[in-house]
Amino acid sequence: MSTDANNASLNRFGSIALIVGLVGLAIAGLGFFQGYNSGDVRPLMSWLMGIAFWLSIAVGMLFLTQIWYVFHARWPVIIRRQCEHSFAAFPVLFILFLPLLLVTFSGDQAGLLWKWLDSSNQLASHGTVGDDPLYQWKSPYLNHSFFIIRSVLVFAVFIGISYALRKLSFDTDKTGNINNTHIARRLSSAGLFLCAVFATVGAIDWFKSLEYHWFSTMYGVWFFAASMRAALSALIILCIVLATRGYLKGILKQAHRYDIGCLMLTFTIFWAYISFSQYFLIYNANIPEETFWYIIREKNFNGELNSWWWVSMGLIFGHFLTPFLILLWYKTKVVVWRSVAIAGWILCFHLLDLYWNIVPGKLADPDAHGAGYLVRQFSVNIFDIAAVIGVGGVCIWAFCNSTKKAEAIPVRDPNIENSLNYVE
Amino acid sequence: MAMITENSTNDPLRDALLAKVQPAELVEQPLVTNDRDFNWVTDKICRIVETPTPLWWWVCMAVALMTAAFTGLGLAWLVSTGVGVWGLANPINWGWAIVNFVFWIGIGHAGTLISAVLCLLKQGWRTSINRAAEAMTIFAVVCAGIFPLFHVGRVWFAWWLFPLPNANVIWPQFRSPLEWDVFAVSTYGTVSVLFWYMGMIPDLGVLRDRAVQRLQKGVYEGAGILAQAMDIFRKYFYGIFAMGWRNAGNHWRNYEMAYLILAGLSTPLVLSVHTIVSFDFAAAQLPGWHTTIFPPYFVAGAIFSGFGMVLTLMLPLRALYGLHDLITQRHIDNMCKICLGTGSIVGYAYIMEFFIAWYGANPYESYAFINRAFGQYWWAYLMMFSCNVFTPQLFWFSAVRKNAALVWVMSILINVGMWFERFVITVTSLANDFLPSSWGYYSPTIVDIFTFFGTFGLFSVLFLMFLRFLPLMPIAEVKFVMPAADPHGHHDDGKGGSH
C-alpha cells in the first residue's frame with residue numbers, strides 16, 4: 001500500500017471529486033429528466049457526451065495497456081499502473097450508461113435519442129422510421145433487443161478484460177508470480193482483437209446510428225484514434241499531477257513524459273489521417289447517401305454556412321494543426337506546463353470532436369413540407385458541462401478509490417527497474 | 001505548476017516505495033545467442049561477401065536470370081506490339097498490371113517499416129533483419145515500377161508523367177490518384193535508397209578496412225592471385241562508397257543524427273505510399289472500391305505482405321549462412337506476431353467492408369460483395385480470405401512459430417493471399433460494374449503471365465547480387481543489442497538486448 005499520508009490526500013481528493021461529480025450528475029440528470037418529459041433530445045445528448053468523453057479515455061487506456069503488454073514494453077510499467085487504476089471507471093460508466101438504455105424501454109420516448117428505436121418517429125424528409133426502406137433493410141441489426149444485447153456486451157468486454165488485467169498486475173505485487181505477466185501478455189493479444197471489434201460496435205451503435213442513414217467503414221478506426229489521443233492526454237496530466245503532488249514524486253521521469261508526448265504526436269497525426277481519409281473519400285466520390293453527413297456539418301439546407309462549419313474549422317486547426325505543430329517541439333514534451341497545456345487543449349478539442357459527431361442531425365422543417373430540413377445547431381449548455389464534470393468526478397473518485405487496492409507502482413513487475421531507470 | 005523532482009534522495013514517500021521494488025525474474029532470449037563476442041559478429045557478416053561464391057548462389061542466380069528473362073520477353077513483346085497483348089478489355093481495363101503493381105509495392109513496405117518505424121519505437125530486434133528488408137524494399141519497388149511504366153503504352157514517353165513545362169501546355173491530370181502515385185512512389189523509392197545506402201556506410205568502411213589489412217599483411221599464400229585481385233577491387237569499391245568513413249566519434253554522431261532524421265522522414269512515406277495506392281481505388285465510385293477504410297487497410301495489408309516476404313527470404317538465408325545466433329527464434333516469433341496482427345487487421349477490414357456493404361443499404365454495393373464471395377471469382381475470394389485471415393491465426397501457437405519450415409510455407413501463403421486480395425479488389429469490381437450488358441470475365445494472356453512470373457526472377461537477381469556484394473546486416477547495430485553490450489554488465493542472465 002502507499003503511505004498513509006499519500007492515501008489520506010488521495011482519499012480527500014477522491015471524496016471531493018465524488019461530491020463534485022454527484023452535483024454535476026444531479027444537474028445533468030435534471031436536464032435528462034426534463035428532456036425525457038418534454039421530448040427534447042439535447043439533454044440526453046449531453047449525458048451521452050459526458051459518458052463518451054470519459055469512456056473514450058478509459059478505452060484508450062485499455063488499448064494502451066494491452067499494446068504495451070503485447071510489445072513487451074519496459075519503459076511504461078509505472079504508467080501502466082495508473083491505467084490499471086483508471087479501469088475502475090468502467091463499471092461506473094456502465095451504471096451511468098444504464099439510464100440511456102432504460103429510456104429505450106419507455107414506450108413513447110423509446111426513440112428519443114436513437115430515433116430508429118421508435119418506428120413512429122417522423123423523418124426529416126417525409127414519412128416515419130417504420131416506413132423508411134433504409135430502416136427496414138437495416139432492422140435486423142438496428143433493433144431494440146439486439147441493440148441492448150450489444151451495448152451490454154461492449155461494456156462486459158471492456159470490464160472483463162480490464163479487470164482481468166488489473167487483477168493479474170495487482171496479484172504480481174503480492175506474489176511476484178511471473179506467470180501473471182505471461183498470462184497478461186496472452187490476454188492482451190486476444191483482448192486487443194476483442195476490444196477492436198467491440199469498440200467498433202460501440203461507436204457504430206452509440207454514435208454513428210444517431211444518423212442511421214449514414215455509413216462509413218472507417219468509423220471504428222476513428223473512435224480508436226480519438227480514444228488513444230484522449231487517453232494519452234489524460235494520462236500525461238494524471239501522471240504529472242501524481243508526480244508533483246502524489247505518489248509518483250521522484251519516480252516519473254522526463255523520459256517517461258517525453259515518450260508519452262511522442263505518442264501524443266503520433267496519434268495526433270493518426271487521428272488526422274483517419275479523419276481526413278474518411279472525409280476525402282466521401283467528398284471525392286460525391287455520393288449523396290454519404291455526403292449528407294458532412295453537408296449538415298457545414299451548411300443548412302439553404303446553403304448558408306451553419307454553426308458546425310466553425311466547429312469543423314476548429315477541429316482542423318485546433319484539434320490537428322495546432323497540437324501537431326506544437327508537439328513537434330522537443331520542449332513541449334518535456335517542459336511540464338507545456339505538456340499539461342497541450343494535453344488539456346487536446347482534451348477540450350476531443351470533446352468538441354464528440355460534439356461534432358454526436359449532436360448534428362437533420363430535423364423536420366414544419367414549414368418546408370418535406371422539401372427541406374433543419375439542422376440541429378452547435379450549442380453548449382449547462383447540462384453538457386454538468387455531464388462532463390459529473391461523469392468525470394465519479395470516474396476520478398473510482399480512480400482514487402482504486403489506488404488503495406494496490407501499490408502505487410507495480411513493485412514486483414519483471415520490468416519495473418527498466419521503467420524506474422528509464423532514460424531518453 | 002510545481003516542479004517535478006527526479007531522483008530526489010530525501011523523499012521518504014519515494015524511498016519507502018522504492019524499498020519495496022523487487023522485480024520478478026523474467027528470462028527473455030537475448031537477441032544474439034550463444035554468448036557470441038563482437039569479433040564473431042564482424043567476421044560472420046563480412047565473410048558472407050569475402051568468402052568464395054558458394055555453388056548454391058550460382059545455381060540460384062542462373063535460375064533467377066532465366067526467370068527474369070520472361071519479364072524481358074513479355075515487355076519486348078508488349079513494346080513491339082502494343083498494350084493490347086495484355087488481357088485488358090472492357091470492362092476490365094485494369095487487370096494483372098495494377099494487381100502486380102500493388103502486390104510488389106506492398107511487399108516494398110516492410111523494409112522501411114522495419115528501418116524507420118521500428119527504429120523510432122526503439123525495437124532492438126530489428127537490427128538483424130533491417131538491411132535485408134530494406135534491400136528487398138528497393139528491389140520490390142523496381143519490380144512494381146515496371147507495370148505502370150509499361151502500361152502507359154509508349155514507355156519512351158513515360159517521363160510525361162512528371163509535370164514538365166512544355167510548348168503545348170499539356171499537364172498530367174493532377175486530380176488523379178495515379179498521378180499522385182508517381183510522386184509518392186518516386187519519393188518513397190528515393191528515400192528508401194538513401195536510407196539503405198546511408199545505413200551501409202559504416203559496414204562498407206569495415207569491408208574496405210578488412211581488405212586493406214589483408215593486402216598489407218599479404219595473407220594470400222596458396223589463395224591465388226584472384227583472392228588478392230578481389231581485395232584490391234574491394235579496397236576501391238567499398239572505399240569509394242564508404243565515403244571516407246573512419247569510425248571517428250563525430251562520424252558516428254552525424255550518422256546517428258542522419259539516421260534518425262531519415263527515419264522520421266520515412267515513416268510518413270511508408271504510410272503515404274499505400275494510402276495513395278488505396279486512393280487509386282477508393283477515390284472512385286465503383287462498388288467494392290469506394291469505401292473509407294481503404295487507406296489504413298491497405299497500409300496494414302502492405303506491412304503484412306512485406307513481413308511475409310521478409311520471412312520467405314530470411315529463413316532460407318538463416319539456414320544457408322548459419323545465422324541462427326543472429327536471427328534467433330525471438331526474431332522469427334516477432335515477425336510471425338506482426339503477420340498475425342496485421343493479417344487480423346486486414347481481416348477486420350474485410351469483415352467491416354462486408355458489413356457496411358450490407359448496412360449501407362446500397363444494393364449495388366451489397367451485390368459487389370456477394371458477387372466477390374459467391375460469384376464467378378469465388379475461388380479468388382476464398383484464396384484471399386483463407387490465406388490472409390485464417391493462415392496467420394496459426395501463429396498464435398508457439399509450436400507453429402518454432403517450426404521454420406512451416407513458417408516459411410505460411411509466409412509464401414501470405415503473399416499468395418495478398419496477391420489474390422489485389423486481384424479480388426481490382427477484377428471483381430470491374431468485371432461486374434454498372435452496365436450488366438458489358439459484364440465480362442477477365443483472363444490474363446500469356447504475356448501477362450510471362451511478365452509477372454519474370455519479376456520474381458528480377459527480384460531474385462537483385463537480391464542475390466545484394467547478398468554477394470553488400471553487408472547483410474548492420475554490424476555495429478547488431479553489436480549494440482548484444483548481451484555483451486549491456487552497460488549493466490553481462491552475466492548471461494538473458495536480459496541483454498532490447499528496450
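Every chain is numbered from 1 and lettered A, B, ... according to where its sequence line falls, protein lines coming before strand lines. Because the structure is predicted, anything quoted here is derived from the model rather than measured.
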* Could you tell me if the ring centre of B/W180 sits under 6.0 Å from that of B/F183? => no
* Structure fact -> Whatever's closer than 4.5 Å to a heavy atom in chain B on A/T266 counts as neither
* Between A/Y135 and A/N143: side-chain donor-acceptor atoms closer than 3.5 Å -> no
* Asked: What option among A/W137, A/F71, A/Y212, A/Y283 has the most heavy-atom pairs under 4.5 Å with chain B?
  -> A/W137
* Going by atom types alone, do A/Y422 and A/E417 pair a side-chain donor with an acceptor below 3.5 Å? -> no
* Asked: Which bit of A/H182 is near chain B, if near means a heavy-atom gap under 4.5 Å: side chain, backbone, both or neither?
  -> side chain
* B/Y297 versus chain A, the contacting section by heavy-atom distance below 4.5 Å -> neither
* Kindly state whether the ring of B/F369 and the ring of B/F354 have centres lying under 6.0 angstrom apart. => yes
* Structure fact -> For A/R185 and A/N415 the tightest heavy-atom approach is NH2-ND2, 4.0 Å
* Asked: Does any donor atom in the side chain of B/T428 or B/R372 lie under 3.5 Å from an acceptor atom in the other side chain?
  -> yes
* Asked: Measuring heavy-atom distances to chain A, does B/S366 have an atom under 4.5 Å in its side chain, in its backbone, in both, or in neither?
  -> side chain
* With a 4.5 angstrom heavy-atom cut-off, which part of A/F193 approaches chain B: side chain, backbone, both or neither? -> side chain
* **Side chains of B/S344 and B/Q393, donor plus acceptor under 3.5 Å** => yes
* Asked: Which bit of B/N362 is near chain A, if near means a heavy-atom gap under 4.5 Å: side chain, backbone, both or neither?
  -> side chain
* Heavy-atom contact with chain B under 4.5 Å, split by part of A/I204 -> side chain
* Asked: Relative to chain B, which segment of A/W214 carries a heavy atom at a distance below 4.5 Å: side chain, backbone, both, or neither?
  -> backbone
* Verify whether the ring centers belonging to B/Y350 and B/F385 lie closer than 6.0 Å. => yes
* Do we see a donor-acceptor contact under 3.5 Å between the side chains of B/T292 and A/T217? -> yes
* **Interchain contact, A/Y273 with chain B, by part (heavy-atom threshold 4.5 Å)** => side chain
* **Residue part contacting chain A, namely of B/L18, when any heavy atom lies under 4.5 Å** => side chain
* Do the two ring centres, one from B/F279 and one from A/F280, sit under 6.0 Å apart? -> yes
* **Winner by heavy-atom pair count (cut-off under 4.5 Å) against chain B, out of A/I269, A/I287, A/T175, A/V197** => A/I287
* Asked: Of the listed residues (A/D413, A/N180, A/I178, A/T181), which shares the most heavy-atom pairs with chain B below a 4.5 Å separation?
  -> A/I178
* Asked: Do B/W125 and B/M335 come close enough that some side-chain heavy atom pair is under 4.5 Å?
  -> yes
* **Under 4.5 Å from any heavy atom of chain B - which part of A/S209** => both
* B/Y359 versus chain A, the contacting section by heavy-atom distance below 4.5 Å -> both
* Structure fact -> Turns out that what part of A/L142 lies under 4.5 Å from chain B's heavy atoms comes down to side chain
* Asked: Side chain, backbone, both or neither: which part of A/E289 has an atom under 4.5 Å from a heavy atom of chain B?
  -> side chain
* Between B/Q285, B/H290, B/M352, B/K337, which has the largest tally of heavy atom pairs under 4.5 Å with chain A? -> B/H290
* To do: Please flag which part of B/A284 lies under 4.5 Å from any non-hydrogen atom of chain A: side chain, backbone, both or neither.
  => backbone
* Tell me whether the centres of the aromatic rings in A/F215 and B/W358 are closer together than 6.0 Å. => no
* Side chain, backbone, both or neither: which part of A/D173 has an atom under 4.5 Å from a heavy atom of chain B? -> neither
* Asked: Would one find more than 12 heavy atoms of other residues, nucleotides or ligands at under 6.0 Å from atom CH2 of A/W329?
  -> no
* Structure fact -> Pair count under 4.5 Å, heavy atoms only, with chain A: among B/G360, B/A357, B/G341, B/A282, highest is B/G360
* Quick one: which of A/S216, A/G176, A/S277 has the most heavy-atom pairs under 4.5 Å with chain B, could you say? => A/S216
* Structure fact -> In terms of heavy-atom pairs under 4.5 Å with chain B, the winner among A/N284, A/D259, A/T200 is A/T200
* Does the separation of the ring centres of A/Y330 and A/Y258 fall below 6.0 angstrom? -> yes
